[in-house]
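Below: one structure, written as structure tokens.
In this text, all values refer to a predicted model and were calculated from it rather than measured experimentally.
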Amino acid sequence: QQLVTRYLDRQCEAIFGEVLDQAYPSFQKYGVAKPQLRIRSMDTRWGSCLPKKLIITLNKQLLEAPRNCIEYVVVHEAVSGTAPLAENEV
């Protein structure tokens with residue numbers, strides 16, 4: 001059981017990290033710092049964002065979704081993380 005859990009955690013880190021690395025340049029050009037990625041089990045969400053701490057948390061179960069869904073959630077959370085910054089600049 002622990003071996004499978006560790007394997008799935010590594011898969012999440014690799015795939016989610018790759019998706020974040022691919023999406024980040026679109027945000028970097030606006031001066032947005034790259035968020036830290038955390039992965040955990042979540043009951044009701046695919047992901048969440050703590051903009052002040054620059055942390056995106058993704059649900060482990062997202063690993064079962066198609067890649068385009070993972071990409072959508074990562075970009076959605078990254079945009080959510082920039083929204084308070086944009087509001088402060090207005």
Side-chain angles (χ1 to χ4, degrees):
Q1 177 90 20
Q2 288 179 343
L3 187 60
V4 172
T5 300
R6 275 187 262 142
Y7 173 77
L8 292 175
D9 287 349
R10 287 189 194 122
Q11 288 295 309
C12 287
E13 291 169 5
I15 293 170
F16 299 165
E18 180 182 317
V19 170
L20 179 60
D21 289 346
Q22 289 174 351
Y24 177 65
S26 297
F27 297 92
Q28 184 179 23
K29 65 184 176 185
Y30 297 105
V32 176
K34 186 174 182 181
Q36 177 184 353
L37 184 62
R38 291 190 181 164
I39 300 157
R40 69 182 187 97
S41 295
M42 302 168 86
D43 291 330
T44 59
R45 298 178 182 204
W46 288 117
S48 64
C49 180
L50 297 172
K52 292 182 181 179
K53 294 184 178 184
L54 292 171
I55 297 172
I56 291 176
T57 303
L58 298 176
N59 188 335
K60 288 181 181 185
Q61 291 179 327
L62 191 57
L63 185 63
E64 299 171 15
R67 181 156 179 120
N68 63 332
C69 294
I70 297 169
E71 292 168 354
Y72 175 84
V73 173
V74 168
V75 170
H76 173 84
E77 296 306 335
V79 168
S80 297
T82 62
L85 300 175
E87 289 173 8
N88 289 337
E89 293 175 2
V90 173

Pairs flagged by side-chain hydrogen bond (donor to acceptor under 3.5 Å, both in side chains) wherever residues 48-60 is involved - sequence neighbours left out =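 Every side-chain hydrogen bond (donor to acceptor under 3.5 Å, both in side chains) pair that includes a residue of residues 48-60, provided the two are not neighbours, is D9-K60.
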Next on the checklist: Using every non-hydrogen atom in the two residues, find where P51 and S80 come nearest and quote the distance to one decimal.
Outcome noted: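 That closest heavy-atom pairing would be CG-O, 4.4 Å.
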Query - Pairing residues for P66 by the side-chain contact (heavy atoms from CB on, under 4.5 Å) criterion, not counting sequence neighbours - result: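 Partners of P66 under the side-chain contact (heavy atoms from CB on, under 4.5 Å) test: N68, C69.
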Partner residues of [X] under the side chain to side chain donor-acceptor pair (under 3.5 Å) criterion, sequence neighbours left out:
| X | answer |
| --- | --- |
| R6 | none |
| Q22 | R67 |
| Q61 | none |
| Q36 | none |

Exercise for the section: Give me the other members of the hydrophobic cluster that V73 sits in, counting Ile, Leu, Val, Met, Phe, Trp and Tyr linked by side-chain heavy atoms under 4.5 Å, directly or via other members. Expected result: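 Noted: V73 shares its cluster with V4, Y7, L8, I15, F16, V19, L20, L37, I39, W46, I56, L58, L62, L63, I70, Y72, V74.
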Requested in this report: Would you confirm whether Y24, through its side chain, and A78, through its main-chain N or O, come within 3.5 Å as a donor-acceptor pair?
Outcome: no
Distance col, row I55:CD1 vs E77:CD, nearest 0.5 angstrom, shows 12.5 Å
Residue pairs passing the salt bridge (Lys or Arg N to Asp or Glu O under 4.0 Å) test with at least one member in residues 32-51, sequence neighbours excluded, are D21-K34
